[in-house]
Peer 1: 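Can you keep this structure in mind? I'll have questions shortly.
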Number of protein chains: 2
Amino acid sequence: MYSIREQNKIQKRKCILDAAVQLFTRNGYEQTSIEELARQAGIGKGTIYSYFQTKKDILRAFCEDELEYIRSELTAKTSADASLKEQLLVIYLAEFRYVSRNKEFGRLLLQEKIFPQEHHGMEDFNIQNQYFELLYPIYEQAQKRGELRDDMELLHISGHFYALYLLVLSCWFNGMIPTEEIEQSLSTLIDQTITGLQKRSPAPEKV
Amino acid sequence: MYSIREQNKIQKRKCILDAAVQLFTRNGYEQTSIEELARQAGIGKGTIYSYFQTKKDILRAFCEDELEYIRSELTAKTSADASLKEQLLVIYLAEFRYVSRNKEFGRLLLQEKIFPQEHHGMEDFNIQNQYFELLYPIYEQAQKRGELRDDMELLHISGHFYALYLLVLSCWFNGMIPTEEIEQSLSTLIDQTITGLQKRSPAPEKV
DNA sequence: TAAAAAAATCGACTGTGGTCAATTTTTTTT
DNA sequence: AAAAAAAATTGACCACAGTCGATTTTTTTA
């Protein structure tokens, strides 16, 4: 049972986020002032800061919600019979599509997510872990089918693929990879990872 | 031959960076105002902005210089006989040590470097590429010794290892990996990359 | 060398993110 | 129901990043 107070809090938080979405998407993040945002949400400026610590947190909260939704949608859709590579591509490309839809948002979100401020702390840790766990079933399945080694920690495997995704994102933000080539790049890197960089057939001679 | 004007520009730029180093390291980046910085450098506030576009650019300029120096030192030192893994570890650990020495600087530097603003553009692209090329000899050498496949683009190989480094950095910033375990983590991931995540055929490989 | 042009310097000014003490609203106590 | 306590709200206020037109310094022209 929620008290009036708690009801209001929840509702007001939503008001702020709704106003943020509207203004951020219309005028951009930097171009939207907190005062404007407060006006649009129908509350005082100071009140915003009892719901969010910083301006970035507002953007982050919205993005996280959206991403969470996309992910839940996705796991339902991913076909379990597809190869590991295919499944990973579907997931990471969906994420990329989201992050790249608005470059400004994506950049700010990733900057905070990958190299966060001290004070956020534990939150991120959990979200990150949650996300990894989301992928675990896929890796486990791939292990069972013999697509992946089974003498490795899932966390390491998961991390490894995630690292590649990060790299591709970074290259895209730096203009080194155009949008059309993202899939190709990811695909190549996934292949590399699975196969390994080690020289194959002729047995390597020890020096 | 430098004109008086050009002489002054070079010197003044250095003044600003010197002042920045002093104040940033003493009081931190956030706690140092541009006015303070200008005073310390002995120039007007507005002048700073004809040398650097933003406050972050000042920090970045300093960090880049330092990093460039560390890298040049390093390539001279790295022993060419060591294994690929050993060489990579030396290089990436040196970088990590630098980035982690001051967490605040490191964070800001990486945020800008990995997910940069639009307007910086080409600069970063070149720096990134320069860095990759710095490592090329090491990979080529490893290919010749048969440690690495030689049917792969150096850029992809380079990128792949760089991705792992990024991941480890991110985990460190998120508090998922404590400083003492960085080497271990990197080491594991490098092994994984070289060997590949694929399940090896239980049947003995042809000798 | 004097005048004109170009470049560099400056600090008052602006807009904004974030704070905080005073005020209002809700809940608890008597 | 009234009083007291707790929580939420607010906008004036502050500090600071970044701008810009006025001023000074350097270079070029005549």
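So that the names make sense, note that chain A is the first sequence line, chain B the second, and so on, each numbered from 1.
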Peer 1: Can you sort out the partners of B/D81 under salt bridge (charged side-chain N to carboxylate O under 4.0 Å, His left out), two or more places apart, ordered by chain and number?
Peer 2: none
Peer 1: Return the pairing partner of D/dT10 with a 3.5 Å limit on both distances, Watson-Crick or G-U wobble; otherwise return none.
Peer 2: C/dA21
Peer 1: Quick one: list whatever passes side chain to side chain donor-acceptor pair (under 3.5 Å) with A/E140, sequence neighbours left out.
Peer 2: none
Peer 1: Are B/K12 and B/Y51 in a cation-pi setup, meaning NZ or CZ lies under 6.0 angstrom from the ring centre and within 45 degrees of the ring axis?
Peer 2: no
Peer 1: One character per nucleotide, please: for nucleotides 10-20 of chain C, 5' to 3', B when the base has a protein heavy atom closer than 4.0 Å, S when only the sugar-phosphate does, - otherwise.
Peer 2: BB-----BBB-
Peer 1: For nucleotides 21-23 of chain C, which of its nitrogen or oxygen atoms have a protein nitrogen or oxygen under 3.5 Å away, and what is each distance?
Peer 2:
none

Peer 1: Using whole Å, what does the distance between atom P of nucleotide C/dA6 and atom NZ of B/K9 come to?
Peer 2: 17 Å
Peer 1: With sequence neighbours excluded, tell me which residues meet salt bridge (charged side-chain N to carboxylate O under 4.0 Å, His left out) with B/K85.
Peer 2: B/D191
Peer 1: Under the side chain to side chain contact (heavy atoms under 4.5 Å, CB included) rule, collect the residues that match up with B/S50, sequence neighbours excluded.
Peer 2: B/T47
Peer 1: By salt bridge (charged side-chain N to carboxylate O under 4.0 Å, His left out), which residues pair with A/D150, not counting sequence neighbours?
Peer 2: B/K199
Peer 1: Applying a 4.0 Å non-hydrogen cut-off, can you work out what A/F52 is touching in the nucleic acid: base, sugar-phosphate, or nothing?
Peer 2: nothing
Peer 1: Could you tell me how far apart B/I58 (CD1) and D/dA17 (C1') are, to the nearest whole angstrom?
Peer 2: 10 Å
Peer 1: Sequence neighbours left out, what passes side chain to side chain donor-acceptor pair (under 3.5 Å) with A/K14? Give chain and number order.
Peer 2: A/D18
Peer 1: Can you list, by residue number, the residues of residues 21-28 of chain A that have a non-hydrogen atom closer than 4.0 angstrom to DNA chain D?
Peer 2: none
Peer 1: Figure out the CD1/C1' separation between B/I48 and D/dT19, and round it to whole Å.
Peer 2: 14 Å
Peer 1: B/E66: what forms a salt bridge (charged side-chain N to carboxylate O under 4.0 Å, His left out) with it, not counting sequence neighbours?
Peer 2: B/R101
Peer 1: Among all residues two or more places apart in sequence or in another chain, which pass the side chain to side chain contact (heavy atoms under 4.5 Å, CB included) test with A/Y92?
Peer 2: A/L88, A/Y131, A/L135, A/Y139, A/F161, A/Y162, A/Y165, A/L186
Peer 1: In whole Å, I'd like the distance from the CD1 atom of B/I16 to the P atom of C/dA8.
Peer 2: 13 Å
Peer 1: Take the protein atom CD of B/Q117 and the nucleotide atom P of D/dG18, then report the distance between them rounded to whole Å.
Peer 2: 10 Å
Peer 1: Could you tell me whether B/Y136 atom OH has more than 12 heavy atoms of other residues or ligands within 6.0 Å of it?
Peer 2: yes
Peer 1: CG of A/N8 versus P of C/dT26: gap in Å, rounded?
Peer 2: 7 Å
Peer 1: What residue pairs, at least two apart or across chains, pass side-chain hydrogen bond (donor to acceptor under 3.5 Å, both in side chains) with a residue in residues 21-46 of chain A?
Peer 2: A/Q22-A/Q40
